[in-house]
Amino acid sequence: MERDLERSVEAILMVVEEPVSEVVLAQIIERPTEEIQAALKILQEQYEAENRGFALKQVSGGWRFYSHPDLAPLVEKFVLDGQQAKLTQAALETLAVIAYRQPISRARVSAIRGVNVEAVMKTLVNRGLVEECGVEHETGAVLYRTTNYFLERIGLNSVSDLPALAPFLPDVDGLDEVIASLTE
Amino acid sequence: MERDLERSVEAILMVVEEPVSEVVLAQIIERPTEEIQAALKILQEQYEAENRGFALKQVSGGWRFYSHPDLAPLVEKFVLDGQQAKLTQAALETLAVIAYRQPISRARVSAIRGVNVEAVMKTLVNRGLVEECGVEHETGAVLYRTTNYFLERIGLNSVSDLPALAPFLPDVDGLDEVIASLTE
Amino acid sequence: MKSESSELSSNTLGSQVGTAPHMEGRVAGFSVKLDNFDGPFDLLLQLISRHKMDITEVAIASVTDEFIAHIRALEGTEEGWKLDQATEFLVVAATLLDLKAARLLPSGEVDDEADLALLEARDLLFARLLQYRAFKEIAAILADRIAIQERTFARSVALDPIFAALLPEVLIGVTPERFAAIANRVLTPKMAPTLSTEHLHLPMVSVTAEANHVIASLRRSKSLTFRALVADAANTLVVVARFLALLELYKEGQIRFEQVMALGELQVTWTGAESGEISVSDEFDRPPENREEEKSGA
């Protein structure tokens, strides 16, 4: 009945990368968990009743929007379409940062790129171009590096074969840290 | 029957990482582009009328889901985008000139703005809002244009959707060149 | 242009230009009190640009005095005075001054080509002022749009593993060189380390343009000293530009230099054609840097 609460849930779930639990939603929206649960149920039923192409699903303890299972063949077709093979500009830029600064944490990549890179990083991992390689000592943050598959796809034998960056750039190594410390 | 088309659009938009064009949607769903356009419009209006927490928007040549601006304070708690540095007045004005006069050389921008724009142009290029796009035939001067990222930042589908300059600047046709020839 | 048709009051015209919401942040809050005008500076500009007020009747010195007082007053406040406001005022004032100078020229007898050019310049300066204002207002619209857009967040989620598994082989689509160029761009700190020189309001000086001036003067007078050729130069940059232009012309065989003694008077004599285009290289006018990365793709 209270559209406000449902709107809030819709807005958050529309843009989150990972499934979000009811408890977290309750904290952010500052409402009791029961109300959140009720709102999620209402939305779920609404979408189903309105025959939407998407659905709200609870998966591994959290909620997230998915395309409706009925339409899986269409989504598959879209995924298989040649267009999806190409990396997006955002993915390419993120990959470039990782390639030249590996091993590197996601927070660091984010700081350099100036935007949230969560979804893009996940895509790069899913696509086998980037992989985890241990954790940073001080922070415990997961570190990432490029894979052999990346080298294969770009046509190089090793990371050391990547063309050198502009000569002035190595000097800004320290700058990265400053920027990172400001943003992290 | 009609609902089928809209469902399909909803399902695909739920998995896209970047804005997807009407043409691509038409290819995948195998329906005329006009029908896709109509379906997108219907969905857009439905979400608005139903006061949903999300919205469908056409930005930079494609469509995708966004959280509703009303709910920004909540969503911001989740999506910690590196806060984008605000553009200065000088940067905004330079950007305005480039947006309306592209492709344009730096000298020409300077002439219109009445000040040296070198540093500002550099900032705009660094921020990815403006990019080089070839050289002027006669002078060999580098030409600049706005990027897709610029369109994303201002939430427009294409440069032609910018508000008309006419009400602000009557009878300007041809003036540019004369002014430029005077100043260059 | 539709508004020219009737004698609308300046207020209606003003609102049509879209003053109210967009003009904030301009020389905001700055009002002038002159003999024949009392009100916001912005309105004054509007009246001038709409031919509702004659620029020759505006005492620019008084406007300037008032602006300085305005800036001083701001100094006392918490905000302090704004450099961009001051810069903007300078630009506008300079244009007004140019405009006024052009207006005041005796328009009756025109005997020198330079005078004629100035008369033509009058309308151009006027147009330039209009254009300057137009882009200011557009900038305000862009700022509004950016502010709105910043409040919406795009859905950008990674593909479900089930679908991701179906993805065809990834296409990086760029050469290693281009990949490095992208890295260069992305890894370069976002804040340009250059100190902004915007506020200095350096006029643009072009060697090509100065060459045209030099050619015209020499064709008229046949032979001139370098001193005479730069007598009307507004600043050192113009002097340098004209000197470079002379070197170019010498290279092209269009002029002859004579200097009786070292460091003495340099006499320049025109030896080229009486009329017609002379092409002067614009290499001095091009920006020095050249970027290794071509435009970034989609």
Side-chain angles (χ1 to χ4, degrees), chain A residues 11 14-18 64-67 72 75-76 78-82 84-97 99-101 112-114 116 118-129 149-150 153-156 161-166 168-169 172 175-176 178-179, chain C residues 139 142-197 286-298:
Chain A
M14 190 51 79
V15 299
V16 291
E17 168 65 21
E18 301 285 340
R64 188 181 184 228
F65 274 111
Y66 291 90
S67 23
V75 176
E76 280 173 23
F78 173 72
V79 169
L80 285 167
D81 183 65
Q84 304 310 306
K86 243 184 103 184
L87 288 180
T88 64
Q89 186 66 18
L92 207 49
E93 289 178 7
T94 306
L95 188 57
V97 172
Y100 280 91
R101 289 287 185 265
I112 293 173
R113 294 260 293 109
N116 187 319
E118 195 173 341
V120 176
M121 289 283 281
K122 196 157 179 188
T123 299
L124 292 174
V125 171
N126 281 347
R127 309 223 62 184
L129 295 164
Y149 179 62
F150 158 72
R153 297 309 293 165
I154 201 169
L156 292 176
D161 292 342
L162 280 169
L165 292 183
F168 60 90
L169 268 176
V172 299
L175 243 171
D176 279 358
V178 181
I179 293 169
Chain C
L142 290 188
D144 286 350
R145 292 210 64 104
I146 290 174
I148 293 168
Q149 190 60 14
E150 268 170 0
R151 296 171 56 79
T152 74
F153 298 86
R155 176 175 175 86
S156 168
V157 300
L159 217 47
D160 289 339
I162 329 149
F163 293 123
L166 297 172
L167 279 170
E169 283 256 74
V170 62
L171 201 74
I172 290 185
V174 297
T175 60
E177 288 68 33
R178 172 116 175 80
F179 188 73
I182 292 170
N184 260 328
R185 179 164 52 77
V186 179
L187 289 171
T188 306
K190 294 289 180 289
M191 293 142 289
T194 344
L195 189 66
S196 168
T197 50
R286 287 195 297 260
E289 79 269 31
N290 56 69
R291 295 159 55 85
E292 69 277 62
E293 184 192 352
E294 75 280 33
K295 69 155 228 60
S296 74

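We name chains A, B, ... by the order of the sequence lines, and we start the count at 1 in each one.
Rounding to the nearest 0.5 Å gives a distance of 7.5 Å between CD of A:Glu17 and OG of C:Ser156. Between the CD1 atom of A:Ile154 and the CZ atom of C:Phe179 there is a distance of 5.0 Å, given to the nearest 0.5 Å. Interatomic distance, OG1 of C:Thr152 versus CE of A:Met14, reported as 12.5 Å (0.5 Å rounding). For the atom pair C:Ile172 CD1 and A:Lys86 NZ, the distance stands at 12.5 Å (nearest 0.5 Å). The distance from atom CG of A:Leu92 to atom CD1 of C:Ile182, rounded to the nearest 0.5 Å, is 4.0 Å.
C:Val157 pairs with exactly one of A:Lys122, A:Arg64, A:Glu118 by the side-chain contact (heavy atoms from CB on, under 4.5 Å) rule, that one being A:Arg64.
Only the side chain of A:Leu156 comes within contact range of chain C, with at least one heavy atom under 4.5 Å from a heavy atom of that chain. Within the 4.5 angstrom heavy-atom criterion, atoms from both the backbone and the side chain of A:Leu95 approach chain C. The parts of A:Ala72 that come within reach of chain C are both its backbone and its side chain, each placing non-hydrogen atoms under 4.5 angstrom from that chain. When heavy atoms are compared at a cutoff of 4.5 Å, A:Phe150 approaches chain C by way of both its backbone and its side chain.
Taking the six-membered ring where the residue is Trp, the centroids of C:Phe163 and A:Tyr66 are separated by 6.0 Å or more.
Of all heavy-atom pairs between A:Pro163 and C:Ala180, the closest is CB-CB, 3.7 Å.
Taking 4.5 Å as the limit, some side-chain heavy atom of C:Val170 sits within range of a side-chain heavy atom of A:Leu87.
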